[in-house]
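Please read the structure below before turning to the comments.
Side-chain atoms are counted along with the backbone in the values below, which use heavy atoms only and exclude waters and symmetry mates. Residues take their numbers from the sequence shown, with the count starting at 1. In this text, all values refer to a predicted model and were calculated from it rather than measured experimentally. We count ligands from 1, going down the list as the structure has it; atoms in each ligand are counted the same way.
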Amino acid sequence: MGHSAAVWDSRAAIEITKDWNGIDKVVLRNPRGASARVSLYGGQVTSWRNEQGEELLFTSSKAIFKPPKAVRGGIPICFPQFGNCGSLEQHGFARNKIWTIDENSPPLSPKDSQGKSFIDLLFKPSEEDLKCWPHSFEFRLRVSLAADGSLTLISRVRNVNGKPFSFSFAYHTYLSVSDISEVRIEGLETLDYLDNLCGKERFTEQGDAITFESEVDRVYLSAPNVVAVLDHERKRTYVIKKEGLPDVVVWNPWEKKSKAMADFGDDEYKQMLCVDGAAIAKPVTLKPGEEWTGRLELSAVPSTFCSENLDLQGRGF
Ligand code: TA6
């Protein structure tokens, strides 16, 4: 009698354990050996590895894994405020709160679960949070790992408040790169951006791909839904697809800022680049009962898969 191919059980591909602070973390695996790890501290993805076990996200060797400090690396979630554009602490409070596993998550489209291992998380404001941001919401986050190793984050923010509210948002994605001076970003050419190093003054990007030779801290406006980060030395391209996230933040602290950050190594700026799908320039406004969705899909493909193949207009995913 023929042996049927082992059926991949997505439920078995999820492991929930505790980190050394006793905080739950979830490990997702796919049949080919890729994996992702999500901490319930901040709903933060803290690791994403390919089939060879290579880490694709940067985490500082000096990162502090102790609340209330945000972990310097992975994919922190900036909500309900990006940066210091508002009255709240830098990047809002969601990244330094304990999230829960959402057992009754409202359904998403079948393609968001078929053949994927995933976890659904939920964050609701505490009484404490409501004192500093008096708006009731439900923030649902699905993190999923597909058979091809791509990582998808789907955020759904629902206004369960009596009044409308507005927020800004970013998936603060720390990509691991071989050497920052060998990296280029394609897809942001000729776009306008707000320069955080010049008081958020507005400039227009040149026609060429973006390369790095000094500190960069910019919010690119109305960016295409697909952006590519090419790491020549590693012959690897990160393909970043986004929906519901008009802006792209690009950040590298370079030398001086690196030395000024206690939870960041002096030379670590050479091995990381933040490229964030975000909604910043035009905050998202939700009326009572309304829900916003922000999707990010990350893939790491061999650079032979050059940009011509990239449908940079990103016609939906
Ligand atoms: O644009 C990215 C940014 O806002 C930078 O200005 C820099 O501060 C970075 O985020 C890191 O912020 P953090 O609060 O995590 O130190």
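Atom 15 (O) of ligand 1 has as its closest protein heavy atom R95 NH1, 2.9 Å. With respect to atom 1 (O) of ligand 1, the closest heavy atom belonging to the protein is D217 OD1, 2.7 Å. Counting only heavy atoms of the protein, atom 8 (O) of ligand 1 lies nearest to Q90 NE2, 3.1 Å. Annotation: atom 13 (P) of ligand 1 to nearest protein heavy atom, R72 NH1, 3.6 Å.
The aromatic ring centroids of W133 and F165 lie less than 6.0 Å from each other. Between W99 and F139, the distance separating the two ring centers is shorter than 6.0 angstrom. Checked against the 6.0 Å centroid criterion, the rings of F123 and F137 qualify as a close aromatic pair.
For the side-chain contact (heavy atoms from CB on, under 4.5 Å) with Y238, the qualifying choice from V275, L56, T173, L298 is L56, the only one to do so. Applying side-chain hydrogen bond (donor to acceptor under 3.5 Å, both in side chains) to K242 and the options N225, D247, D276 leaves one that passes, N225.
Under 3.5 Å, the side chains of E55 and S47 contain a donor-acceptor pair of N or O atoms. Judged by distance alone, the side chains of Y171 and S155 do bring a donor and an acceptor atom under 3.5 Å apart.
By the 3.5 Å distance cut-off applied to N or O atoms, W251 is not counted among the residues near ligand 1.
When non-hydrogen atoms are compared, ligand 1 lies under 4.0 Å from the side chain of N196 (C-beta onward) but not from its backbone. With a 4.0 Å heavy-atom cut-off, ligand 1 is reached by no atom of K257. At a 4.0 Å heavy-atom cut-off, ligand 1 touches H91 through the side chain alone.
The contact set between ligand 1 and V249, taken as ligand atoms under 4.0 Å from a residue heavy atom, comprises 1 (O).
Under a 4.0 Å heavy-atom criterion, H172 is in contact with ligand 1.
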